[in-house]
Peer 1: 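Before we start, here is the structure in question, set down as structure tokens.
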Amino acid sequence: MKSGHPEVFFENNRPLTKEALNRIIKAFCREAGILKKVTAHSFRHTTAYMMQKSGIDIIAIKRQLRHKQLSTTLRYVPPVDAAKLLNDACSTLIE
């Protein structure tokens, strides 16, 4: 059973579509002078990266992002850290 609400962002008591949310983000970026393309999905990558950098276990990150496969989560973190993350996760399971 899944918990939580699938829609996180609302406007006028209606869930925002991915496209509407990306338009809002694009407007904020334009206003802030950010030239890089930023999307709602960029925030998922940033969240995973920041969680990993702060020492959160890769399995917890996988759960947070609701990935079914660990290989999907590993694409969200720097490749040089992937081997260490797997090693740490395996060590935790063995203990």
Peer 1: With sequence neighbours excluded, what pairs up with L70 under the side-chain contact (heavy atoms from CB on, under 4.5 Å) test?
Peer 2: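 Listed in chain order: I58, I59, K62, T73, L74, L86.
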Peer 1: What is the minimum heavy-atom distance between V77 and A48, and which atoms define it?
Peer 2: CG1-O, 4.2 Å
Peer 1: Side-chain atoms of residues 24-33: list all donor-acceptor pairs with protein atoms under 3.5 Å, sequence neighbours left out, distances to 0.1 Å.
Peer 2:
none

Peer 1: For R23, give me all partners under side-chain contact (heavy atoms from CB on, under 4.5 Å), at least two apart in sequence or on another chain.
Peer 2: E19, A20
Peer 1: With sequence neighbours left out, write down each residue that passes side-chain hydrogen bond (donor to acceptor under 3.5 Å, both in side chains) with T46, or none if nothing qualifies.
Peer 2: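 Applying side-chain hydrogen bond (donor to acceptor under 3.5 Å, both in side chains) to T46 gives none.
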Peer 1: Among all residues two or more places apart in sequence or in another chain, which pass the side-chain hydrogen bond (donor to acceptor under 3.5 Å, both in side chains) test with T39?
Peer 2: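 Partners of T39 under the side-chain hydrogen bond (donor to acceptor under 3.5 Å, both in side chains) test: S42.
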Peer 1: Just jot down the side-chain hydrogen bond (donor to acceptor under 3.5 Å, both in side chains) partners of R63, sequence neighbours excluded, or say none.
Peer 2: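 Not a single residue meets the side-chain hydrogen bond (donor to acceptor under 3.5 Å, both in side chains) criterion with R63.
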Peer 1: Taking the six-membered ring for Trp, are Y76 and H45 parallel (under 30°), tilted (30 to 60°) or perpendicular (over 60°)?
Peer 2: parallel
Peer 1: Measure the spacing between CG of L21 and OG1 of T17 and express it to the nearest 0.5 Å.
Peer 2: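 One finds 8.0 Å between CG of L21 and OG1 of T17.
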Peer 1: Run the numbers on H67 and R44 for side chain to side chain contact (heavy atoms under 4.5 Å, CB included), then give the verdict.
Peer 2: CA-CA 11 Å; H67 289 155; R44 288 178 62 82; 3.2 Å; yes
Peer 1: Measure the NZ-CG distance between K37 and N22 for me, rounded to the nearest 0.5 Å.
Peer 2: 8.0 Å
Peer 1: Out of curiosity, I61 CD1 to M50 CE, how far, rounded to the nearest 0.5 Å?
Peer 2: 11.5 Å
